[in-house]
Amino acid sequence: MTQATFRKYLERGLIPKDVKYNSTDKGRVAIYDSTIISHINLVLFLFSVPSNNFLHSVIDLLNQEGISAMEAVESKLERELYPAIFVDLYQSNDQIPGVMSEALVKHPEVEEKAQKLFSEIKELFEKQLEPKVVELIQYLEKHPMLLCDLPRDQHS
């Protein structure tokens with residue numbers, strides 16, 4: 001795989017982003033999760049096999065493999081579903097409904113029920129949890145303290 005192809009796959013989101021960078025004499029080097037490199041090597045190997053029958057057999061097997069609706073939704077998110085729901089509610093960005101629609105497009109009955117449940121969660125958040133969070137923040141904002149009142153970090 002060429003460097004240009006690798007970059008193109010990164011830009012399209014087909015390969016997850018690096019986990020960190022290391023500095024070298026020649027500049028920065030991106031460090032990727034070892035499982036990603038293993039997957040890339042497997043794909044490159046499969047494409048180097050002279051007979052496409054093997055590759056087609058693998059693709060057929062993978063197409064028969066099942067995942068849960070949750071895994072399908074999580075595959076479209078940057079984090080696990082549980083924290084993603086709270087981020088979505090807090091930021092009011094409505095990402096979760098769109099992601100569920102996209103991931104569950106071939107299962108409208110599952111998508112409909114999931115959307116209904118998310119709407120109920122959102123309603124509970126807006127009516128019950130969010131006001132309490134705001135109340136807590138306002139309460140803490142009304143009680144000033146001095147910096148010297150902060151407990152010292154045990155490592156300092």
Would you mind reporting whether D88 and P97 have side-chain heavy atoms less than 4.5 Å apart? yes

From L136 atom CG to E141 atom CD, the distance as rounded to the nearest 0.5 Å: 9.5 Å

Within this structure, what is the OG-CG distance for the pair S68 and L81, rounded to the nearest 0.5 Å? 9.5 Å

Group every Ile, Leu, Val, Met, Phe, Trp and Tyr by side-chain heavy-atom contacts under 4.5 Å, then state whether M145 and L147 land in the same group. yes

Which residue pairs pass the ring pair (Phe, Tyr, Trp, His ring centres under 6.0 Å) test when at least one of the two sits in residues 112-140, sequence neighbours left out? Y139-H143

Are E123 and K127 close enough, and set up right, to give a salt bridge (Lys or Arg N to Asp or Glu O under 4.0 Å), and what steps lead you there? CA-CA 6 Å; E123 186 177 330; K127 288 183 177 178; 3.1 Å; yes

Which pair of non-hydrogen atoms, one from A72 and one from A103, has the smallest distance, and what is that distance? O-CB, 3.5 Å

Any side-chain heavy atom of Q95 sitting closer than 4.5 Å to one from V87? no

Here the pair of heavy atoms bringing L104 nearest to A69 is CD2-CB, 3.7 Å

Verdict with supporting geometry, F86 and Y90, ring pair (Phe, Tyr, Trp, His ring centres under 6.0 Å): CA-CA 6 Å; F86 287 99; Y90 175 71; over 10 Å; no

To the nearest 0.5 Å, tell me how far L10 CG sits from I15 CD1. 5.0 Å

Rounded to the nearest 0.5 Å, what separation is found between the OG atom of S101 and the NZ atom of K76? 12.0 Å

Report yes if the side chains of I96 and L77 come closer than 4.5 Å at any heavy-atom pair, otherwise no. yes

Once salt bridge (charged side-chain N to carboxylate O under 4.0 Å, His left out) is applied, what residue pairs with a partner in residues 21-31 remain, sequence neighbours excluded? none

Is there a side-chain contact between E126 and P131 in this structure, where contact means two heavy atoms from C-beta onward sitting under 4.5 Å apart? no

Just to verify, what does Q138 make a side-chain hydrogen bond (donor to acceptor under 3.5 Å, both in side chains) with, not counting sequence neighbours? none

Verify the neighbour count for atom CD of E71: are there more than 12 heavy atoms of other residues, nucleotides or ligands below 6.0 Å? yes

Can D94 and K122 be said to form a salt bridge (Lys or Arg N to Asp or Glu O under 4.0 Å), step by step? CA-CA 10 Å; D94 293 327; K122 186 174 181 177; 2.8 Å; yes

Distance in Å, E135 CD paired with K132 NZ, rounded so as to fall on 0.5 Å steps: 4.0 Å

Heavy atoms, side chains only, cut-off 4.5 Å: are L129 and L124 in contact? no

What is the distance from atom CD of Q115 to atom CG of L117, rounded to the nearest 0.5 Å? 10.0 Å

E120 atom CD: more than 12 heavy-atom contacts under 6.0 Å: yes

Is there a path of hydrophobic side-chain contacts, each under 4.5 Å between heavy atoms of I, L, V, M, F, W or Y residues, that connects V29 with I36? no

Quick check: is Y32 connected to Y21 through a chain of hydrophobic side chains (ILVMFWY, heavy atoms under 4.5 Å apart)? no

